[in-house]
4 protein chains.
Amino acid sequence: MSNATEEVAQDQLRSFVERIERLEEEKKTISDDIKDVYAEAKGTGFDIKVLRKVISLRKQDANERQEQEAILDLYLQALGMMN
Amino acid sequence: MSNATEEVAQDQLRSFVERIERLEEEKKTISDDIKDVYAEAKGTGFDIKVLRKVISLRKQDANERQEQEAILDLYLQALGMMN
Amino acid sequence: MSNATEEVAQDQLRSFVERIERLEEEKKTISDDIKDVYAEAKGTGFDIKVLRKVISLRKQDANERQEQEAILDLYLQALGMMN
Amino acid sequence: MSNATEEVAQDQLRSFVERIERLEEEKKTISDDIKDVYAEAKGTGFDIKVLRKVISLRKQDANERQEQEAILDLYLQALGMMN
DNA sequence: TAGGGCTACTTCCATC
DNA sequence: GATGGAAGTAGCCCTA
C-alpha cells in the first residue's frame, strides 16, 4: 500500500471514530436527561419503579401484554398461588 | 383526594410519561445513527468488530485514567495523607 | 512499624483476600447453576421471563405485592389504559 | 391438554421453582459469608473500601489478560492471519 | 442462539 | 435511623 493510500485510510478511520464518539456522547446526554425526568417525577411523589413499568407497558404491544399476563396467571395457578 | 387534586396528578403523570417517551425516541434515533455509521464504515472496507473494539478501548483508556486517580486518592486517604 | 508487624498485617491481608476470592468463586458457581436451571426450564417449554416473574413474586411479601399492583392499577387508570 | 399432561407440567414447574429457590438461598448464604469476612477485616483494622478495590483490581487484571489475547486474535483475524 | 454490551435494579456504606 | 450516593450484580437486547 502506498503512503497516500494509507493516509486516506487513516483519515477515514479517524473520521468514523470521531463521528461515533460524538453520537455516543449525545446518546449519553439523552440518557442522563431521562434519568433527570425520573428523578423529578420521584420528587413530585411518583414511584419510579411503577412509572418505568407504565412506560414499558405502553411500549409493548397490547396483545403481547395480555399474553404475558395470561401465561403468568397460568403459572401462578399451577403453583396454587391464585384462588 | 379531591377531583381537582386527582386531575393535577393525572396531568403530571401524563406529562412525565410524554417527556420520557419523547426522550427515548430521540435516543433511539441516535442509536440508529450510530448503527448507520458502522454500516458506512463497513461499506468502506473497515472491520466493524475491530472498529467497535477500538472505540471501546478508547473509552476504557479514558475511564482508566480517572480510575487510577481514584485509587491513588483512596490509598492516600487510607494512609491518612489526605484531609 | 516493625518488620514483624508489617509481615503480620500482610499475612492477614493475604488471608482475607483469599477467603473473599474463594467465596466469590463459589457464588459465581451458584449463579451459573441458576442460569442452567432456567435454561433447562426453557428447554422443557417454559417461558423464562415469566418464570423469573414467578420467582420474584414469591419472594415479595404478599402485602407489598398487592400494594405495588394497586399503585400500578392507579397509574394505568389515570392514563386511561384500563377498561 | 389432558389432566395428566397438565399435572406433569405442574410438577415440572414446581420442581424448577424449588430448585431455583434452593440455589438462591445458597447464594444468599455465600453473600452473607462474604459480608462477614469484610466485617472481620474491618475489625482487624483494614479499610473495607480499599480492600474491595484490591479485590476488584485483581479481578480486572485477570480479565485484562484474557482481553488482551482476544484483541490480538481479533486483529490477526482482521488482517487475515488466522483461519 | 450464543455472547457481549448496555441498562437497570439492588445493596451497601457514609453522612446527617 | 433514614436518606442519598456509589458500586456491584443481574437482566435485557441486539448483533453476529
Side-chain angles (χ1 to χ4, degrees), chain A residues 20 23-24 27-28 30-35 37-39 42-43 47-53 55-56 59-60 64 68, chain B residues 20 23-24 27-28 30-32 34-39 41-42 47-57 59-60 63 66-67 70-71 73-74 77-78, chain C residues 20-21 23-24 27-39 42-43 47-56 59-60 64 68, chain D residues 20 23-24 27-28 30-32 34-39 41-42 46-60 63 66-67 70-71 73-74 77-78:
Chain A
I20 290 167
L23 287 167
E24 294 206 328
K27 195 173 143 194
K28 178 159 194 339
I30 311 264
S31 292
D32 291 345
D33 288 349
I34 293 175
K35 235 173 279 176
V37 177
Y38 276 112
K42 182 181 181 178
D47 182 312
I48 289 191
K49 207 169 162 187
V50 176
L51 188 48
R52 278 187 200 283
K53 188 71 186 165
I55 299 283
S56 115
K59 212 187 287 179
Q60 269 188 14
E64 188 182 340
Q68 285 285 76
Chain B
I20 291 167
L23 286 166
E24 295 207 327
K27 197 172 136 190
K28 178 154 195 345
I30 311 265
S31 293
D32 290 345
I34 293 174
K35 232 173 286 177
D36 289 345
V37 177
Y38 276 112
K42 182 177 182 179
D47 181 312
I48 290 193
K49 214 169 162 188
V50 173
L51 187 48
R52 277 188 200 283
K53 184 54 85 184
V54 169
I55 298 281
S56 118
L57 286 176
K59 205 190 289 179
Q60 272 185 33
N63 292 340
Q66 295 183 334
E67 170 81 346
I71 294 171
D73 286 353
L74 201 58
Q77 273 180 347
Chain C
I20 290 167
E21 287 181 345
L23 287 167
E24 295 206 328
K27 197 172 141 193
K28 177 155 194 344
T29 303
I30 311 266
S31 292
D32 290 345
D33 287 349
I34 293 175
K35 234 173 281 179
D36 288 346
V37 177
Y38 276 112
K42 182 179 181 177
D47 181 313
I48 290 193
K49 209 169 162 186
V50 176
L51 187 48
R52 280 186 199 283
K53 188 71 186 165
V54 170
I55 299 283
S56 116
K59 209 188 289 179
Q60 272 188 13
E64 189 182 340
Q68 286 285 76
Chain D
I20 290 167
L23 287 167
E24 295 208 327
K27 197 172 136 193
K28 178 156 194 346
I30 311 265
S31 293
D32 291 345
I34 293 174
K35 228 176 291 175
D36 289 346
V37 178
Y38 276 113
K42 183 179 182 175
F46 290 103
D47 181 312
I48 290 191
K49 211 169 162 187
V50 173
L51 188 49
R52 275 188 200 284
K53 184 55 85 182
V54 170
I55 299 282
S56 117
L57 286 176
R58 284 168 60 95
K59 205 188 290 177
Q60 272 185 32
N63 292 340
Q66 294 184 333
E67 170 81 347
I71 293 172
D73 286 354
L74 201 58
Q77 273 181 345

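A, B, ... follow the sequence lines: proteins, then strands. Residue 1 opens every chain. Here the structure is a predicted model, which means the values were calculated and not measured.
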D/Asp32 or D/Glu67, whichever maps to the more 5' nucleotide of DNA chain E
D/Glu67

Test log, rule side-chain contact (heavy atoms from CB on, under 4.5 Å), inputs B/Asp32 and B/Lys35
CA-CA 5 Å; B/Asp32 290 345; B/Lys35 232 173 286 177; 3.8 Å; yes

Tell me whether the count of non-hydrogen atoms from other residues, nucleotides or ligands lying under 6.0 Å of NZ in C/Lys53 goes above 12.
no

Output for pair (D/Gln60 CD, B/Glu67 CD), nearest 0.5 Å, gives 5.5 Å

Show the nearest heavy-atom pair for residues B/Leu23 and A/Ile30, with the distance to one decimal.
O-CG2, 3.3 Å

Is there a side-chain contact (heavy atoms from CB on, under 4.5 Å) between D/Tyr38 and D/Ile55 once you walk through the steps?
CA-CA 11 Å; D/Tyr38 276 113; D/Ile55 299 282; 3.8 Å; yes

Inspect the contact between A/Lys59 and A/Glu64 and indicate whether a charged nitrogen and a carboxylate oxygen are less than 4.0 angstrom apart.
no

May I ask you to test the B/Gln77-D/Val50 pair for a side-chain heavy-atom distance under 4.5 Å?
no

Pairs: protein N or O with nucleotides 2-10 of chain F N or O, under 3.5 Å:
residue: F/dA10; atom: OP1; partner: D/Lys27; partner atom: NZ; Å: 2.4

Angle between terminal axes - the helix from E/dT1-F/dA16 to E/dC16-F/dG1, 5 pairs each end, rounded to 10°
10°

dist B/Lys27:NZ -> B/Ile20:CD1 (nearest 0.5 Å) comes out at 11.5 Å

Using a heavy-atom cut-off of 4.0 Å to chain A, what are the terminal contacting nucleotides of DNA chain E, in 5' to 3' order?
E/dT7 to E/dT10

About how many Å separate CG of D/Leu74 and NZ of B/Lys49, when rounded to the nearest 0.5 Å?
5.5 Å

